[in-house]
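Below you'll find the structure, written out as structure tokens, and then a few comments.
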Amino acid sequence: MQEKYLPADIERAAQAQWEAAQIYRATEDASRPKYYCLSMFPYPSGKLHMGHVRNYTIGDVLARYHRMRGFNVMQPMGWDAFGLPAENAAIANNVPPAAWTYANIDHMRTQLKALGFAIDWSRELATCKPDYYRWEQWLFTRLFEKGIIYKKMATVNWDPVDATVLANEQVIDGRGWRSGALVEKREIPMYFFRITQYADELLTGLDNLPGWPERVKTMQANWIGKSVGVRFAFPYQHDGQDEKLWVFTTRADTIMGVTFCAVAAEHPLATRAANNNPALAAFIAECKQGSVAEADMATMEKKGMDTDLKVTHPLTGESIPVWIGNYVLMSYGDGAVMAVPAHDERDFGFAQKYNLAIKQVIAGAGESFSTDAWQESYGDKTHGVCINSGKYDGLNYAQAVDAIAADLAALNLGEKKTQFRLRDWGISRQRYWGCPIPIVHCPACGDVPVPAEQLPVVLPEDVVPDGSGNPLNKRADFVNCTCPTCGGAAKRETDTMDTFVESSWYYARYACPDFDGGMLDARANQWLPVDQYIGGIEHAILHLLYARFFHKLMRDEGLVSSDEPFQNLLTQGMVIADTYYRESADGKKTWFNPADVAVDASGARLIADGQPVIVGGIEKMSKSKNNGVDPQALIDLYGADTARLFTMFAAPPEQSLEWSDAGVEGAHRFLKRLWKAAYDHVQNGVAAAYQSGELREELKTLRRTLHLTIQKVSDDIERRRQFNTAIAAVMELMNALAKIEGDDAMTRSVRQEVLEVAVALLAPIVPHVSEALYVELKPGIELKPGIELKPGAAMQWPNADQAALVQDSIELMLQINGKLRGQIVVASTAAREAIEAAALASDAAVKYLEGRPPKKVVVVPGRLVNIVL
RNA sequence: GCCGAGAUGGCGGAAUCGGUAGACGCAGCGGAUUCAAAAUCCGCCGCUGGUAACAGUGUGGGGGUUCGAGUCCCCCUCUCGGCACCA
């Protein structure tokens, strides 16, 4: 055995052995329980960052733990390969996105392999390959024919200088990030998934996911946002015609307090009112400036303008003014709202600003009302009854809603309606590097889905985008085609799909990545649902909701039989790091990597030129902020096991992890100590692990610690998913072992047992060094890769010996008035009365009681005694 | 703005069901080893007072429940994630 711990040699040898024996290749095997362990696949941005290391180490620990427990484990890997960064890289470096992407994949695959993950690489897939996206296009055409996919107009960010649609991320302070032009909202036709048709199931299905974090389910439920209310209309006349302005409200009980209506700038009524009103047209134009992001819409100053149009209150017949409000969202409900300033905070502020009437119609007992300042209670529907509301006076919320909905229904002007906050999913992207939407536009036949036998619609891979418009429009060979229906000349759709579509079903394709007869085959149902899914908390809503939706779409196509894709979900916290930037005169920011910045008392400077940079605060590691830490240096210096150990030890998986180089040394030191402990032991010849026999007290205590550690580590990994405390427990065990001296047979047998167990407990986290040590500790075991004694598989997960856990006496904490004042030692079998007597007889109790009887004595078995004076 | 989460020593974190606050590690300090350094090993390490025993105090801030609160309840502050075209 080598005296020194040489991670590079150990890791290279172990990885070569695993690869040669293909031990992580997963095959369907009905004789063992399956465990499908999936980590969110990476976007091939160039090189791995610490977030990847963290994500995939968590997955690997769970996969390897279950292997040791006897499960048939599948852990696949692939590439979320379409996306915006490839186009930006193409513009910057004049390289086709495809070439850039494939080069990144090759590099990152090598990096992943160097980390020693138990991945079945035979199932690798990349979403930008036609044999993958072909089936996405096929499903698109099926859903298009079923009406699940449809086309409608939608609003996008438009850069008038670059003549291109911008992602929200590309809009900085209302301007295009490259051109600096003021961004406009523009309506364009897009294809939509009718996800709202599944809104109810997506909501109720959350109740069947006990293995999901509560906070993720809450976020999804709020995102779907089911609200029961009333959709009703304000009638009005236009050109002698009877027309209706439809609105939705959850507060129909306040309908008698309506003093105006507000419509979105994009609302048809607004457009019409602006026709011969230049001021209004200018206001609408102003509303159409800026990004479409909801965060921007919600934080901007609430502004409005009177359209001079009037509608009629459906119940009172009053004339109600119609305003345009920049805060009214065209995409929610009907793009118009009734305004009740007295009972809605936003309406209240708006009415104050523009001197509109405020009419109180709800009152709680003993409450006063003032139009001067908003009070939280004005908007509370859980108390109070209707006032100033004619026949509805005295009714509470539920009674008033029922009565008013009934009256509106009788007038044929409204009904109760369930409304969702969730909107249909627009998937058209005016970008090149994505999956082509399989539609042909025929002047005679309209939008024609490409027939299955003509799929895939292959994306040309030799294109270099230049940042203006969609380059596919310039490719005549791509655009010009014949109509599949009539055979006439036609144009191919050049929009590509949202990359969330690819990531919504990849988990299923891993079960059968080589199947070319369809999207999925029978193997999908053997592996699905995914037993454990691991990924960043930033995906809590969008990706996870879309994947759940897609699973139901595939189920309804008969492709899978389960209702939900991911049984258990672990949302890892972000890896965050400092950000540094410089700002040019035009406000453009250039971000610098922390590795290129030196920080001292005088501030932060770029190492390359010694000039200062601005500290941007600690944020999620991201490409856009260039604050990713390269794990490669860590692997080169200390080895993969140290990198794995440190990321698992530094913080619990669900918390965010602030990266710092300090601490890595400590993880490496522990592995060196572990190696040294095994080396020192093996030098005197290995022993047989302790089986039976009387032990001296010190060894009994050590064995108790050992078997408590087995219990703790098993529980930490399997139930609590708290790997940092599992590692700490093994560290404590090793510290306890280091204190044991003696070379007699009994000591050596217990030491052997401790070392064998410690190495096995650490195997999921640091597999290379664990296997190397295991072989040294058990020289009789011949590792024959691929046969019964596979590396790793030879190591079983240890079970705790209950007999080693018993103890004769226990220590209880003694509190006086809730303050710790000492300890007492009692027999572990002692009855409550005996414990109480021992406590009262203790020095501390005698001192504080001063002969008086205690008021009360609280005994918590196994923990403490509290004497109340 | 809305939704979700978090705040514990100099630092990362532990305390699992309301019961010893600070496990484990980092940094620091002292010692051993060494010609010397690195590495390694041993010890100390929340704060205040005290030679010490010990006492007081302490989990973002304010209030409450309880024999007992880092943990439960109410209010507040700050930080982070998401907000539908970043992935």
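Only this structure's heavy atoms are used, side chains among them; waters, hydrogens and symmetry mates stay out. All of these numbers come straight from a predicted model, not from anything done at the bench. Just so it is clear: chains get the letters A, B, ... in the order the sequence lines come, proteins before strands, and each one is counted from 1.
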Would you mind classifying the nucleic acid contact of [X] as base, sugar-phosphate or nothing, using non-hydrogen atoms under 4.0 angstrom?
X        : result
A:Gly225 : nothing
A:Ala293 : sugar-phosphate
A:Lys217 : nothing
A:Arg431 : base
A:Thr299 : base
A:Asn222 : sugar-phosphate
A:Val165 : base
A:Phe670 : nothing
A:Ala540 : nothing
A:Gln815 : base
A:Ser45  : nothing
A:Gln430 : base
A:Arg673 : sugar-phosphate
A:Pro652 : sugar-phosphate

Looking at [X], does any N or O in its side chain come under 4.0 Å of the phosphate oxygens OP1/OP2 on [N]?
X        : N     : result
A:Tyr327 : B:C2  : no
A:Asn168 : B:C83 : no
A:Thr218 : B:G4  : no
A:Arg720 : B:C17 : no
A:Asn724 : B:A14 : yes
A:Gln655 : B:A14 : yes
A:Lys4   : B:U40 : no
A:Asn735 : B:G25 : yes
A:Arg863 : B:G68 : no
A:Arg429 : B:A87 : no
A:Gln722 : B:A14 : yes

Q.
Between A:Arg346 and A:Tyr327, is there a side-chain donor-acceptor contact under 3.5 Å, judged purely by atom types and distance?
A. no
(Q) Do A:Tyr679 and A:Gln2 pair up side chain to side chain, a donor and an acceptor below 3.5 Å, judged on atom types alone? (A) no
Q | 5'-most by nearest nucleotide on RNA chain B - A:Gly818 or A:Gly426 | A | A:Gly818
**Q.** RNA chain B: 5'-proximal contact among A:Met574 and A:Met190 (nearest heavy atom)
**A.** A:Met574
Could you tabulate the donor-acceptor pairs under 3.5 Å formed by side-chain atoms of residues 420-428 of chain A, not counting sequence neighbours?
from: A:Arg421; atom 1: NE; to: A:Trp223; atom 2: O; distance (Å): 3.2
from: A:Asp424; atom 1: OD1; to: A:Ile195; atom 2: N; distance (Å): 3.1
from: A:Asp424; atom 1: OD1; to: A:Thr196; atom 2: N; distance (Å): 3.0
from: A:Asp424; atom 1: OD1; to: A:Thr196; atom 2: OG1; distance (Å): 2.7
from: A:Asp424; atom 1: OD2; to: A:Tyr150; atom 2: OH; distance (Å): 2.5
from: A:Trp425; atom 1: NE1; to: A:Asp498; atom 2: OD2; distance (Å): 3.0
from: A:Ser428; atom 1: OG; to: A:Tyr191; atom 2: N; distance (Å): 2.8

Q) Mind telling me whether B:C83 is syn or anti, cutoff 90° either side of 0? A) anti
Q) Which label fits B:G9, syn or anti, where anti is any glycosidic angle not within 90° of 0? A) syn
(Q) Whole angstroms only, please: what is the NZ-C1' distance between A:Lys739 and B:C42? (A) 9 Å
Q) Taking the six-membered ring for Trp, is the centroid-to-centroid distance between A:Phe193 and A:Phe550 below 6.0 Å? A) yes
Q | Runs of at least three consecutive pairs that involve RNA chain B, where pairs are Watson-Crick or G-U with distances under 3.5 Å | A | B:1-7 with B:77-83, B:10-12 with B:24-26, B:28-32 with B:40-44, B:46-49 with B:54-57, B:60-64 with B:72-76
Q: Summarise protein proximity over nucleotides 71-76 of chain B in one line of letters, 5' to 3': B for base, S for sugar-phosphate only, - for none, counting protein heavy atoms closer than 4.0 Å.
A: ------
Q.
I'd like the C1' distance from B:G22 over to B:U57, given in whole Å.
A. 15 Å
Q) Is a salt bridge present between A:Asp162 and A:Arg178, judged by a nitrogen-to-oxygen distance below 4.0 Å? A) yes
Q. Within a reach of under 6.0 Å around CG of A:Asp680, are more than 12 heavy atoms found that belong to other residues, nucleotides or ligands?
A. yes
Q.
The side chain of A:Glu732 is closest to which nucleotide in this list: B:G1, B:C24, B:G19?
A. B:C24
